[in-house]
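Everything below concerns the one structure shown next.
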There are 2 protein chains.
Amino acid sequence: MDALTIHEAASTTGWSARMLRYVEEAGLIEPRRSAAGYRLYGPGELQRLRTLRELLDAHAVSITEVGFALRLRRDEELSAALQGWFATEPARPADVPAADWLLWEQDKHQKLLAAAARHATELMETTTR
Amino acid sequence: MDALTIHEAASTTGWSARMLRYVEEAGLIEPRRSAAGYRLYGPGELQRLRTLRELLDAHAVSITEVGFALRLRRDEELSAALQGWFATEPARPADVPAADWLLWEQDKHQKLLAAAARHATELMETTTR
DNA sequence: TCGACCTTACCACGGAGGTGTCAAGGTTCT
DNA sequence: AGAACCTTGACACCTCCGTGGTAAGGTCGA
């Protein structure tokens, strides 16, 4: 059936069953359910669980922080509000006066997307083994 | 001298002096210092303190979460890692197969930047009163 | 049916976030 | 000099995060 139950998924990924439920609660990985309500972890979820672990201790990020990043992705209203607030930072880019910050932002996103693309292809290679 | 000390800044913004130090510790607002080390809050900082408060209870965000968003802005490595991880989400864009996610992202950023621009002009109007 | 799994819902408990308060000492103003 | 500020550092308290455990009950396979 190509899917593991929670304890099986736990032992092959190094998480505890408890933490898999917690990760789900944080909205990070929500496995599909069987008719009876059992969590079913497919290969995609297993891979994501492993890379999540790497992500966490490679960058010293917490599960709730990743959850917040997810929220930022979904809630563009909030994203925009934060961007706007950061943009009013007075001292930092003293020579970049508020009118140019959009360009600045756009430039940052170019770099970011490039970096993400690199990372994504790496992941693809790892996943498709 | 066009700058307030911490208790003055506190009473005009509604924060407590303790919380101003905490906000600084989180990296959100770092006022300049006098020769003797006193914090000096200029008009820009005062405005940002007020809008920060609005931001927090308008979107139910915490100070540390804003701090994390700031970290995301600065650490593009981390940003890219998170983007990449989110991009491997299996179920969600089942019809958007991994090659197109960059375009998808780019589109999202277009919308985000547009929204941020709207918000920024609002802020400018408010600030320049 | 019985054992081994799964579910949700709790309690526990150390660590961190958010906030107030206090102590010991330096600065500024009059 | 003395009052009224400021500084950093610490203790205290409550809530939430991260994580383990346990209890009461449903599901699956021999």
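To find a chain, count down the sequence lines: A is the first, B the second, and so on, and within it residues start at 1.
Between A:Ile63 atom CD1 and C:dG15 atom P there is a gap of 18 Å when expressed in whole angstrom units. Between the P atom of D:dT8 and the CD atom of B:Glu24 lies a distance of 7 Å, rounded to the nearest Å. Regarding B:Leu28, its CG atom lies at a distance of 13 Å from the C1' atom of C:dG17, rounded to whole Å. In this structure, CZ of B:Phe68 is placed 15 Å from C1' of C:dG17, rounded to the nearest angstrom. One atom, CD of A:Glu65, and another, P of D:dG18, lie 8 Å apart when rounded to the nearest Å. Across the protein-nucleic acid pair, B:Glu25 atom CD and C:dA16 atom C1' stand 12 Å apart, rounded to whole Å. Atoms CD (B:Glu8) and P (C:dC29) sit 12 Å apart, rounded to a whole Å. Put simply, CG on A:Asp57 is 15 Å from C1' on D:dG18, counting in whole angstrom units.
When the shell of 6.0 Å around CD of B:Glu8 is examined, it contains more than 12 heavy atoms from other residues, nucleotides or ligands.
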For a side-chain contact (heavy atoms from CB on, under 4.5 Å) check, start with the C-alpha distance between A:Ile63 and A:Met19, then their side-chain angles and the critical distance, and finish with the verdict. CA-CA 10 Å; A:Ile63 290 177; A:Met19 286 311 292; 3.7 Å; yes
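Side-chain atoms of B:Thr13 never come within 3.5 Å of backbone atoms of B:Arg50 as a donor-acceptor pair (strictly under, hydrogens ignored). Formation of a donor-acceptor pair under 3.5 Å by the A:Trp15 side chain with backbone atoms of A:Leu49 is found in this model.
Put simply, A:Ser62 has no side-chain N or O that comes within less than 4.0 Å of OP1 or OP2 on D:dC17.
Of the inter-residue distances, the one linking A:Arg39 atom CZ with A:Glu24 atom CD reads 4.5 Å to the nearest 0.5 angstrom. A distance of 4.0 Å separates CD1 of B:Ile6 from CZ of B:Arg21, quoted to the nearest 0.5 Å. Put simply, CG on B:Leu70 and CG on A:Leu82 are 10.0 Å apart, with the number rounded to the nearest 0.5 Å.
Both B:Thr5 and A:Ala35 lie close to DNA chain D; mapped to their nearest nucleotides by heavy-atom distance, the more 5′-ward contact belongs to B:Thr5.
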Under a 4.0 Å heavy-atom criterion, the protein footprint on nucleotides 7-14 of chain C, written with B, S and -, is BB------
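When heavy atoms are screened at a 4.0 angstrom cut-off, B:Ser16 is found touching the sugar-phosphate backbone but no base atom.
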